[in-house]
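What follows is a single structure, written as structure tokens, with notes after it.
Everything numeric in this text was worked out from a predicted model, so none of it was measured.
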Amino acid sequence: MPLEQLSHFDEKSGAVVCATPWGRWWQTVAEIHIEVNLPPNTRARDVAVKVTNNYIECSAYEKSIFKGTLFRTVHGDETAWTIEDRKTLTIILSKADYSVNDEAWTALMEDGSYRPDMLTAHEMRQKLDLERFQIENPQFDFSRAKLQKAYDKLPGWSVEAVKKQQQGQEGESKPEAAEGSGIKD
């Protein structure tokens with residue numbers, strides 16, 4: 001994406017991140033950002049990051065952190081990575097299909113590894129839509145906008161159903177709270 005079209009939307013509005021056992025990842029319209037927690041005082045020579053158009057492998061101190069086929073194709077030769085504060089590895093992947101409308105990565109890996117929970121996935125999709133609006137309409141600021149859009153229509157899933165499920169889990173210790181929640185199927 002040409003530099004003049006980058007919106008730096010996530011810098012203005014914050015990123016919607018997916019937590020992982022080793023760190024976290026998030027996406028913008030054009031990129032995938034990965035942050036890996038490393039032991040203190042890690043140097044670049046202690047880390048290996050290998051990226052092709054469809055595969056990523058990351059290790060530190062010759063121990064694998066994660067590896068696998070990426071969810072979608074990236075420009076492997078455009079990958080950038082840095083170590084920040086000698087404890088955080090930041091990897092930036094350039095999406096090959098970023099111009100396709102409504103294409104959010106629903107997991108980091110093709111096999112579904114490092115998939116965000118349903119609410120985080122919903123928020124990621126909203127954030128990507130707002131970023132697209134920002135790119136298409138640079139004269140406006142969509143960084144604090146809210147969308148009321150129904151995304152994935154999975155059987156038995158809705159934001160309300162997930163909230164009800166979460167309240168039900170909380171309500172197991174407090175049965176009266178679940179009964180009076182007021183959320184309907």
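Separation of atoms CD (Glu35) and CD1 (Ile91) is listed at 10.0 Å; rounding is to 0.5 Å. Rounding to the nearest 0.5 Å places NE2 of His33 at 11.0 Å from CZ of Arg24. How far CG of Asp46 is from CG of Asn41: 10.0 Å, rounded to the nearest 0.5 Å. With values rounded to the nearest 0.5 angstrom, Asp77 atom CG is found 10.5 Å from Thr52 atom OG1.
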Between Val74 and Ser94, is a side chain to side chain contact (heavy atoms under 4.5 Å, CB included) present by the stated rule, with each step listed?
-> CA-CA 5 Å; Val74 299; Ser94 179; 5.8 Å; no

Dump the intermediate steps for side chain to side chain contact (heavy atoms under 4.5 Å, CB included) on Arg86 and Arg43, then the final yes or no.
-> CA-CA 6 Å; Arg86 296 179 68 179; Arg43 296 179 179 267; 3.1 Å; yes

For ring pair (Phe, Tyr, Trp, His ring centres under 6.0 Å), just list the numbers for Tyr114 and Trp25, CA-CA rounded to whole Å, side-chain angles, deciding distance to a tenth of an Å, and then say yes or no.
-> CA-CA 9 Å; Tyr114 315 117; Trp25 72 274; 8.8 Å; no

Given side chain to side chain contact (heavy atoms under 4.5 Å, CB included), test Lys95 with Gln27 step by step and report yes or no.
-> CA-CA 9 Å; Lys95 291 180 178 179; Gln27 62 186 308; 2.9 Å; yes

Evaluate side chain to side chain contact (heavy atoms under 4.5 Å, CB included) for Lys67 paired with Tyr55, printing each intermediate quantity in order.
-> CA-CA 7 Å; Lys67 62 183 175 180; Tyr55 184 83; 3.6 Å; yes

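Between Asn37 and Trp22, the closest side-chain pair of non-hydrogen atoms is not below 4.5 Å. Between Glu57 and Phe66, the closest side-chain pair of non-hydrogen atoms is not below 4.5 Å. Ile56 places a side-chain heavy atom less than 4.5 Å from the side chain of Met109. Taking 4.5 Å as the limit, every side-chain heavy atom of Ile92 sits out of range of all side-chain heavy atoms of Ile32. At least one side-chain heavy atom of Leu89 sits less than 4.5 Å from a side-chain heavy atom of Cys58.
Not one N or O on the side chain of Glu84 forms a donor-acceptor pair closer than 3.5 Å with the backbone of Thr90. A donor-acceptor pair under 3.5 Å is formed between the side chain of Asp117 and the backbone N or O of Leu119. Looking only at distances, a side-chain donor or acceptor of Glu131 sits under 3.5 Å from a matching main-chain atom of Val29. Judged by distance alone, with hydrogens and angles left aside, the side-chain atoms of Thr28 form a donor-acceptor pair with the main-chain N or O of Glu31 at under 3.5 Å. Without hydrogens or angle criteria, Asn53 side chain to Gly76 main chain gives a donor-acceptor distance under 3.5 Å.
Closest approach of Ala44 and Trp81 over heavy atoms only: O-CH2, 3.9 Å. Annotation for Pro116 and Met124: closest pair CG-SD, 4.1 Å, computed over non-hydrogen atoms. Of all the heavy atoms in Trp26 and Ala15, the pair that sits closest is CD1-CB, 3.5 Å. A pairwise comparison of heavy atoms in Arg125 and Ala104 identifies CD-CB, 3.5 Å as the closest pair. Minimum heavy-atom separation, Leu38 to Thr88: CD1-C, 4.2 Å. The two residues Thr120 and Val17 make their nearest non-hydrogen contact at CG2-O, 3.3 Å.
Cluster membership for Val36 and Phe71, using ILVMFWY side-chain heavy atoms within less than 4.5 angstrom, is shared.
Between the side chains of Asn54 and Thr69, not a single donor N or O lies within less than 3.5 Å of an accepting N or O. A donor and an acceptor atom, one from each side chain of Asp111 and Ser113, are located under 3.5 Å apart.
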